[in-house]
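We name chains A, B, ... by the order of the sequence lines, and we start the count at 1 in each one. Note that the structure is a prediction, hence the values are computed from the model and not measured.
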Amino acid sequence: MCGRFTLTRQEAIELADELGVPVESLADYRPRYNIAPTDQHWVVRKKYEDREVLPALWGLINSWAKDRKRAAAQINARVETLDTRSAFKEAFRKRRCLVPADGFFEWIGPKSARRPIWFHNPDGRLLMFAGLYEYWQPEPDIWERTFTIVTTDANKTVAEVHDRMPVILTGEQAEAWMYQDETDLEKLRKLLVPSAEDDLVGTPVSDRANSVKNDDPSVLVEVPTLL
DNA sequence: CCAGACGTTGTT
DNA sequence: GTCTGG
DNA sequence: CCAGACGTTGTT
DNA sequence: GTCTGG
């Protein structure tokens with residue numbers, strides 16, 4: 001699955017260039033080493049021929065929700081359920097986005113000693129997760145944008161640790177996913193497959209990643225593998 | 001029909 | 001809002 | 001995802 | 001054990 005991730009680009013301008021959006025839209029950008037459910041992050045969507053990036057909270061809250069309690073349970077959306085579950089159905093048709101990242105964590109070991117593995121591209125390439133977003137109104141006149149990350153079966157690399165992984169899209173796939181007028185859901189679904197095995201490497205890192213309070217470079221310090 | 005849910009994940 | 005369970 | 005709380009009442 | 005918060 002994907003319950004914690006990173007976006008460590010140091011400067012907003014680097015990220016803006018990679019995303020193809022104006023740097024002004026990344027107001028208050030800061031590098032993140034431990035992005036947790038309910039945190040503010042970013043979603044990228046199509047705007048005519050261009051792209052735009054918008055702030056959004058991680059954990060999908062449907063427009064009809066009475067409170068934000070379910071947000072943490074909807075940080076991920078299974079590919080298998082996108083067009084059957086009422087929580088995702090409409091967003092799958094109308095509100096698809098990309099979620100920029102440069103790594104994600106999976107944990108191994110007993111509950112008393114959970115150890116994080118950081119999966120990232122060997123060349124440090126930006127990862128674009130397939131996402132869905134929604135708008136929710138916590139109180140009159142206030143709208144929040146929230147998002148979820150689509151998950152699929154793990155590829156061979158991730159499968160050593162877990163059986164699920166985020167959908168990672170590149171180039172044309174990413175564009176096709178965001179294309180607003182697309183209504184061929186089967187065509188979209190074909191994009192939602194595990195990424196190539198050599199797309200990611202897993203690095204055991206500090207268990208400081210376990211606590212959401214830790215969000216600094218020390219989280220990603222590599223540690224010896226203890227098998 | 002109305003009431004109530006609406007979601008994903010995984011360890012000993 | 002829309003689907004599922006009773 | 002993991003960590004940490006898990007409760008009620010009412011006074012400054 | 002299970003829910004909430006981040």
Quiz item: Using atom C1' of each nucleotide, how far apart are B/dT9 and E/dC3 to the nearest Å?
Solution: 15 Å
Practice problem: To the nearest 0.5 angstrom, please state how far the CG atom of A/Leu82 sits from the CZ atom of A/Phe88. | Solution: 7.5 Å
Quiz item: Would you say A/Ser112 reaches B/dT12's phosphate, i.e. side-chain N/O to OP1/OP2 under 4.0 Å?
Solution: no
Practice problem: Taking only the side-chain nitrogens and oxygens of A/Arg85, find out if one of them lies under 4.0 Å from OP1 or OP2 of B/dC6. | Solution: no
Exercise. Would you mind telling me which of A/Arg145, A/Arg45, A/Arg96 makes a side-chain hydrogen bond (donor to acceptor under 3.5 Å, both in side chains) with A/Tyr133?
Key: A/Arg45
Quiz item: Which one, D/dA3, E/dG6, B/dT9, comes nearest to the side chain of A/Ala36?
Solution: E/dG6
Self-check item: Below 4.0 Å: OP1/OP2 of D/dG4 and any side-chain N or O of A/Lys213
Solution: yes
Quiz item: Touch check for A/Arg78, heavy atoms < 4.0 angstrom, all strands: base, sugar-phosphate only, or nothing?
Solution: sugar-phosphate
Quiz item: Per the ring-ring contact (aromatic ring centres under 6.0 Å, His included) rule, which among A/Phe119, A/Trp58, A/Trp42 passes with A/Phe5?
Solution: A/Trp58
Quiz item: Is any N or O donor-acceptor pair between the side chain of A/Trp64 and the base of B/dC6 shorter than 3.5 Å?
Solution: yes
Practice problem: Scan every strand shown for a Watson-Crick or G-U wobble partner of D/dT8, both distances under 3.5 Å, and answer none if you come up empty. | Solution: none
Quiz item: D/dA5 and B/dG7: how far apart are their C1' atoms, nearest whole angstrom?
Solution: 22 Å
Exercise. Rounded off to whole Å, could you give me the NZ-to-P distance for the A/Lys111 and E/dT2 pair?
Key: 10 Å
Quiz item: Atom CD of A/Gln74 to atom P of E/dT4: distance rounded to whole Å?
Solution: 14 Å
Quiz item: If you look at every strand shown and take non-hydrogen atoms under 4.0 Å, does A/Asn62 touch a base, only sugar-phosphate, or nothing?
Solution: nothing
Self-check item: Shortest side-chain distance from A/Arg70, nucleotide among B/dG7, E/dG6, B/dG10
Solution: B/dG7
Quiz item: Between E/dG6 and B/dC6, how far is it from one P atom to the other, in whole Å?
Solution: 24 Å
Quiz prompt | Assigned partner base of B/dC1, Watson-Crick or wobble definition, under 3.5 Å | solution = C/dG6
Exercise. Among C/dC3, D/dC2, B/dT8, find the nucleotide with the atom closest to the side chain of A/Lys89.
Key: C/dC3
Exercise. Tell me what A/Ala65 touches on the nucleic acid: a base, only sugar-phosphate, or nothing, going by heavy atoms under 4.0 Å.
Key: nothing
Quiz item: OP1 or OP2 of B/dG7 sitting under 4.0 Å from any side-chain N/O of A/Thr148?
Solution: no
Quiz item: Going by an N to O cut-off under 4.0 Å, is there a salt bridge joining A/Asp207 and A/Arg114?
Solution: no
Self-check item: Test item: side-chain donor near acceptor, A/Asp28 and A/Gln40, under 3.5 Å
Solution: no
Exercise. Give the rounded distance in Å between these two atoms: CG of A/Asp153 and P of B/dT8.
Key: 14 Å
Exercise. Under 4.0 Å between any heavy atoms, over every strand shown, what does A/Ser63 touch: base, sugar-phosphate, or nothing? Just pick one.
Key: nothing
Quiz item: Looking across every strand, which nucleic acid part, if any, lies under 4.0 Å from A/Phe104 by heavy atom: base, sugar-phosphate, or nothing?
Solution: nothing
Quiz item: Within a radius of less than 6.0 Å around CD of A/Gln180, do more than 12 heavy atoms belonging to other residues, nucleotides or ligands occur?
Solution: yes
Quiz item: Under 4.0 Å: is that the gap between some side-chain N or O of A/Arg164 and OP1 or OP2 of B/dT9?
Solution: yes
Quiz item: In terms of side-chain heavy atoms of A/Phe88, which of B/dG7, B/dT9, D/dC1 is nearest?
Solution: B/dG7
Practice problem: Ignoring the backbone of A/Pro37, work out which of D/dA3, D/dC1, B/dC6 is nearest its side chain. | Solution: D/dC1
Quiz item: Atom CZ of A/Phe105 to atom C1' of B/dG10: distance rounded to whole Å?
Solution: 19 Å
Exercise. Whole angstrom is fine here: how far is it from CD1 in A/Ile35 over to P in E/dG5?
Key: 21 Å
